[in-house]
Amino acid sequence: MITTILAMACVTFGTRYLFLAKQLPFTIGPKLQRFLSFSAPCVLTAIWVPIVFIQDKQLALTATNPYLVAATVAVLLAFKFKNLYVTTLGSLVIFYMLY
């Protein structure tokens with residue numbers, strides 16, 4: 001198990017080092033940079049969509065789903081205030097009130 005963890009740490013470090021080290025003559029072009037800019041939203045979407053929309057292995061699109069209600073409140077707060085702290089705290093308060 002420790003071997004697997006160390007191997008994954010080396011792989012992660014190696015891939016990050018290739019992109020971040022200034023000493024290496026490796027640069028990525030503007031097209032690849034633009035393509036990579038979509039990776040974070042894609043990964044985050046893949047994480048939150050099942051949490052918000054699936055409850056007990058079924059699609060839960062009801063007003064009794066606290067995840068869906070809190071996510072909706074988070075979207076509305078983000079559009080209105082454009083403040084990370086207000087959005088996070090407001091949606092957390094709603095979620096804990098409903099859960």
Side-chain angles (χ1 to χ4, degrees):
M1 171 122 164
I2 191 75
T3 307
T4 304
I5 293 172
L6 288 174
M8 292 307 297
C10 290
V11 167
T12 301
F13 175 78
T15 57
R16 301 298 191 275
Y17 185 76
L18 285 176
F19 286 109
L20 298 175
K22 301 288 185 202
Q23 299 85 3
L24 295 176
F26 178 78
T27 58
I28 57 176
K31 285 185 180 180
L32 184 57
Q33 283 181 343
R34 185 169 182 268
F35 178 74
L36 289 175
S37 71
F38 295 108
S39 63
C42 290
V43 169
L44 290 174
T45 302
I47 292 170
W48 70 262
V49 165
I51 294 170
V52 170
F53 292 110
I54 298 175
Q55 302 294 315
D56 298 324
K57 297 183 180 179
Q58 293 180 345
L59 188 62
L61 297 176
T62 64
T64 59
N65 179 356
Y67 296 95
L68 182 60
V69 174
T72 304
V73 169
V75 169
L76 295 173
L77 288 173
F79 277 122
K80 180 165 178 65
F81 294 104
K82 294 179 179 28
N83 184 315
L84 178 67
Y85 299 117
V86 170
T87 303
T88 304
L89 290 175
S91 62
L92 279 173
V93 166
I94 295 297
F95 177 76
Y96 283 120
M97 285 173 42
L98 296 174
Y99 197 69

Gap separating the OG1 atom of Thr62 from the CG atom of Leu68, nearest 0.5 angstrom = 7.5 Å

Show me, pair by pair, the donor-acceptor contacts under 3.5 angstrom made by side chains of residues 85-97, not counting sequence neighbours?
{"residue": "Thr87", "atom": "OG1", "partner": "Asn83", "partner atom": "O", "Å": "2.8"}
{"residue": "Thr88", "atom": "OG1", "partner": "Leu84", "partner atom": "O", "Å": "2.8"}
{"residue": "Ser91", "atom": "OG", "partner": "Thr87", "partner atom": "O", "Å": "2.9"}
{"residue": "Ser91", "atom": "OG", "partner": "Thr88", "partner atom": "O", "Å": "3.1"}

Residues Pro41 and Thr45: closest non-hydrogen pair is O-OG1, 2.7 Å

Measure from the side-chain N and O atoms of Asp56 to the backbone N and O of Gln58, and report whether any donor-acceptor pair falls under 3.5 Å.
-> no

If only atom types and distance count, is the side chain of Asn65 paired as donor or acceptor with the main-chain N or O of Val52 below 3.5 Å?
-> yes

For the hydrophobic clusters of this structure (ILVMFWY residues joined by side-chain heavy atoms under 4.5 Å, transitively), does one cluster hold both Tyr17 and Met8?
-> no

Report, as yes or no, whether the 6.0 Å neighbourhood of atom NZ on Lys82 holds more than 12 heavy atoms from other residues, nucleotides or ligands.
-> yes

Give the ring-plane orientation class for Phe53 versus Trp48, where under 30° counts as parallel, over 60° as perpendicular and anything between as tilted.
-> tilted

To the nearest 0.5 Å, what is the distance between CE (Met1) and CG (Leu6)?
-> 11.0 Å

Leu76 side chain near Lys80 side chain, heavy-atom distance below 4.5 Å = no

Output the distance between atom CG (Leu18) and atom CZ (Phe13), rounded to the nearest 0.5 Å.
-> 9.5 Å

Minimum-distance pair of heavy atoms, taken over all atoms of Leu36 and Ser39 = O-OG, 2.8 Å

Transitive ILVMFWY side-chain link Ile28 to Phe38, under 4.5 Å = no

Answer with yes or no whether the hydrophobic clustering places Val73 together with Tyr99; edges join I, L, V, M, F, W, Y residues whose side-chain heavy atoms lie under 4.5 Å apart.
-> no

